[in-house]
Amino acid sequence: MSKTGAVEKAYQLAREHYAAMGANTDKALKDLRRVAVSLHCWQGDDVGGFESGEGLSGGGIQATGNYPGKARTANELRADVEKALSLLPGKHRLNLHSLYAEPKGPKVDRDALTPDEFSNWIAWAKSRRIGVDFNPSFFSHPKAADGFTLAHRDEGIRKFWVRHAIACRRIGAAFGKALGTPCVTNVWIPDGYKDVPADRKTPREILRKSLDEVFAPRIDPQHNLDSIEGKLFGLGSESYVVGSHEFYLGYAIEKRKLLCLDAGHFHPTEGIADKISSVLMYLDEILLHVSRVVRWDSDHVVILNDDLRSIAEEIVRGEFLKRVHIGLDFFDASINRIAAWVVGTRCMIKSLLIAMLEPHARLAALEAEGDFTSRLALLEELKTMPFGAVWDYYCLTQDVPVGAAWLDEVKAYEREVLSRRK
Ligand code: RNT
Ligand code: ZN
């Protein structure tokens, strides 16, 4: 039997198997095709950007490893993103940081950025019909060197970052307008203290004032959606982070902003899955930064583990796909960077598929009747159902490599393209 024939046959069997359980594989695949995951550009060059060539500094985050072949220019990064996208079933988005600006003339500082510095990205995204999300960058900059930005006590520095954030909202709107799909522009700042603070209140008051200024200019939500991302601790901000989860949750509810939940921004055993249905009681939409926590690191490549599966389950079970923007956030410089994107994104999509293959109505009914025995038994049986056959069939019908065949393509690209970047 041909490889294609085998994949199709396995799918037919799986389809019957799932139907007997109460799940519809064809419907799952139809729903899955509509989900766009926002691929973070910064996995492609270790969060370096093209401003100075000096790479990531500060911000409480770090990319470790020196795997050869990282993108050095925007053209290289775009080529790498295209390679990764070509190995992912479905139609996805790109998440850009302001660090990836391409000024045509002399250097443009961050508070003066305009859509002009992103015209290549806009043209590229347009020609490939890709939606774009955006982020102001509050790190790797002399004015962020002491670890404070929007919560800075120096008025000049604080204002600089307010101007930067407003500039980025306008750039986000330009992307949204040009591409016909709203751009989610996410504010994350590193501000915090390494050691125990004496005053937790004042920096938060300053941050609140800065955010009010950042969001003062009205921008059409059809073009740009504002999002804010909290964090518990980072490298060098172990004791206190100004923009904590509670800080932004309150702000987002009060000012009707999107809240970004990053899977790596809580206590190491605290997951974000359970938060989704809670925060969506009070917020219209949220953004996720899907990431993976390993001890003190919050940015490992996403894999198909229980944390990821529960995130996907919560989105699907709650019918939240229209209200949850799924972004990825990890950076590993110790492996092939395109493979990192492909592994993480394929896992994200796979986890959504698994969740869509759950006979949710049946499980919910059992739970409502109080039949917890059957709930437990079925949830466990589901774990060994043949979702792999459905996944392979999805890849086949989406015209992307089935199984590990994508790795051959990444290896070939490494030989032909990445290894020439010396
Ligand atoms: C950092 C935040 C933030 C960054 C990116 C680069 O802890 O998660 O989202 O990872 O903006
Ligand atoms: Zn994040």
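Heavy-atom basis, side chains included; hydrogens, waters and symmetry copies ignored. Both ligands and their constituent atoms are indexed starting at 1 by order of listing. Computed from a prediction, not measured in an experiment: that's the story for all the values here.
Residues Thr202 and Arg204 have side chains not in contact (no heavy-atom distance under 4.5 Å, counting atoms from C-beta outward). Proximity of Asn186 to His97: side-chain heavy atoms (C-beta onward) are nowhere separated by under 4.5 Å. Under the 4.5 Å side-chain criterion, counting only non-hydrogen atoms from C-beta, Arg110 is not in contact with Lys143.
For the pair Lys275 and Phe266, the cation-pi test (distance below 6.0 Å, angle within 45°) is passed.
Shown here is Asn66, whose CG atom has no more than 12 heavy atoms of other residues, nucleotides or ligands within 6.0 Å. Open room surrounds NZ on Lys177; 12 or fewer heavy atoms of other groups in view lie less than 6.0 Å from it.
Listed by chain and number, the protein atoms of type N/O/S under 2.8 Å from the Zn ion (ligand 2) are Glu229 OE2, Asp262 OD2, His289 ND1, Asp329 OD2; waters are omitted.
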Check: every ligand 1 N/O to protein N/O pair under 3.5 Å:
residue: ligand 1; atom: 7 (O); partner: Lys231; partner atom: NZ; Å: 2.6
residue: ligand 1; atom: 7 (O); partner: His265; partner atom: NE2; Å: 2.9
residue: ligand 1; atom: 8 (O); partner: Glu229; partner atom: OE2; Å: 3.0
residue: ligand 1; atom: 8 (O); partner: Asp262; partner atom: OD2; Å: 2.9
residue: ligand 1; atom: 8 (O); partner: His265; partner atom: NE2; Å: 3.0
residue: ligand 1; atom: 8 (O); partner: Asp329; partner atom: OD2; Å: 2.7
residue: ligand 1; atom: 9 (O); partner: Glu229; partner atom: OE1; Å: 2.8
residue: ligand 1; atom: 9 (O); partner: Glu229; partner atom: OE2; Å: 3.2
residue: ligand 1; atom: 9 (O); partner: His289; partner atom: ND1; Å: 3.2
residue: ligand 1; atom: 9 (O); partner: Asp329; partner atom: OD2; Å: 3.0
residue: ligand 1; atom: 10 (O); partner: Asp329; partner atom: OD1; Å: 3.1
residue: ligand 1; atom: 10 (O); partner: Asp329; partner atom: OD2; Å: 2.8
residue: ligand 1; atom: 11 (O); partner: His97; partner atom: NE2; Å: 2.7

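In this structure, His141 and Phe160 have tilted ring planes: the angle between them lies in the 30° to 60° band. Between Phe247 and Tyr251, the angle of the ring planes stays under 30°, which puts this pair in the parallel group of the 30/60° scheme.
For the pair Arg323 and Asp284, the salt-bridge criterion is not met [side-chain N within less than 4.0 Å of a carboxylate O].
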